[in-house]
Amino acid sequence: MILANAQNALAPAGPQAQSIGSLWWMFHWIFWAIWIAVVVCMFIAIFKNRTPQDHPLQPEVKPDPAGEKRVGVVISILTGITVVILFVLLISDFVVGRKLFAMSKEDNQREIKITGQQWFWTAEYEDATASNIFTTANEFHIPVGVPIKFYLTSTDVIHSFWVPELHGKKDLIPGHDTQIWLKADKPGRYDGQCAEFCGHQHAKMRFAIIAEDADTFKKWCETQRAPARQPTTNEQIRGQQVFLNTTCITCHTIGGTKAGGRVGPPLTHVGGNQTIAANSVPNDEEHLREWINNPHQFKPGVRMPMNNLPDEDLKALAAYLHSLE
Amino acid sequence: MRTRNTRSQKPGAKSQRIRAFYWLLASGSWLLLPALLPSCKREKREFQVPPPDADVIYKLSTTDFQAGGSTTQPAGYQGFVHNNYDENAYALTQGQQLFHQFNCSGCHANGGGGMGPPLMDDKWIYGDRPEQIFATIVEGRPNGMPSWRNRIPDYEVWQITAYVRSLSGLTNPNASGNRDDHMKAQTPPASMDPQHPRQSFMPPGSESTP
């Protein structure tokens, strides 16, 4: 099931996630060692030199300079070890931080501009030729092994871009560009997530990064650049008419038609996606129908309104949208 | 001796009285808590809005007399519509967001007016009542106002209507915005005087003081 991907930061699929993962494991083992040492010391303190039951209540206080010196030396050594451990962690953290940004100097970066808004994502694939730029939503394909530079921004509140298998988090700030570089080492579908609470549907403000080989990616880009597929069957033609003559047209874009709204995600090639509703509902005609009819049953509080369409119109509309591959 | 006695007794009695006073105050403040309940209305959010029956509004014409007779009750329609969103802060901010997303600002410029008339003064060509503004949005008006019928769901039009009325201080000040993101020249909706329409066709000087 596509919706149940692991989103596992410890199963890295890119160099940055690899560095973050190894740092995590280092912290993990060092802290285990410290914890075990502390617990062992605690048990020694509890069971060694236990006071016998018939011990007199008055403590014996005798000066013991040799013993005090011994204790002092042990404490100093332990403090020294603690400081050394903290420095080891600090320096390794610093080194990993440098590694994460090393990719910003690599050549042949591909630039993608991500915009987050309540509660979905859009991506503009940059290109030196202006006519090659295209926009898509929620499912972002990238080529394997190519460094990708993401510009992140938001139109409403602060969001955070997080694909656990590829990189750490980066915030999207309204009115300000932030940047993040990542690379996928092997093909696959990596689920991402908004990681900064941003309103009702924050938990279902999801997206997917689909890494694929260069040829498949090129083909996908060509599909995305093309205008939407023309409806062929009577049902699809009716669906298009419904789309263009109801509230849909106010918010959504379908390339090649007069629908050019930019309030909701673009739907030019929505049929080619595996999911709808920001990677949280499977994409098939039945779910499309239910989603259009009442989006709030899947995502309460979502910005899309309920649509009280006649059954046949609804069916035609879903068939049309699903045909837009 | 006597004076000493009274002195030694007084502080005890006084502190007891003070304690009783504080106790009363504390228990009284609990009684005051329900007074906060009305603010729930301000923050109420409804997501699954059933499609409203807008027939009444669609049959409505701005006025039975002429454009500009904004407070006259339209013919064939009894009573004004009460827009619940006028008292709801969430609906007002949603309306504000929609106002910008649907590019109302393109002509009305954040309410200050440009190609279209300003929305934050007391001049209303087609009326300042919620149902009149609703009708203006869904029907469109001459000289550029497009018709949004079937393009914006009814409840969203009501939200925009509420926001438009808030621009001239006509909504409940407890729900209206305390500051505006754009226009700084105007007092914020929550603290401005309601800008009800005046009879603007009278020649200057003949206008009686409001």
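First the proteins, then the strands, lettered A, B, ... as listed; each starts at 1.
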- Task: Taking atom CD of A:Glu312 as the centre, report whether more than 12 heavy atoms of other residues, nucleotides or ligands fall under 6.0 Å from it.
- Result: no
- Message: To the closest 0.5 Å, what do you measure between OG1 (A:Thr250) and CG (B:Asn103)?
- Response: 12.5 Å
- Query: So which part of B:Gln101 gets closer than 4.5 Å to some heavy atom of chain A, the side chain, the backbone, both or neither?
  - Reply: both
- Is A:Lys315 atom NZ crowded by more than 12 heavy atoms from other residues, nucleotides or ligands, each under 6.0 Å away? no
- Counting distance only, does the side-chain N/O of B:Arg151 pair as donor-acceptor with the main-chain N or O of A:Cys248 below 3.5 Å? no
- Report, as yes or no, whether the 6.0 Å neighbourhood of atom NZ on A:Lys149 holds more than 12 heavy atoms from other residues, nucleotides or ligands. yes
- Item | Gap separating the CD atom of B:Gln97 from the CG atom of A:Asp156, nearest 0.5 angstrom | 6.5 Å
- Message: Is A:Arg303 close to chain B through its backbone or its side chain, or both, or neither, when contacts mean heavy atoms under 4.5 Å?
- Response: both
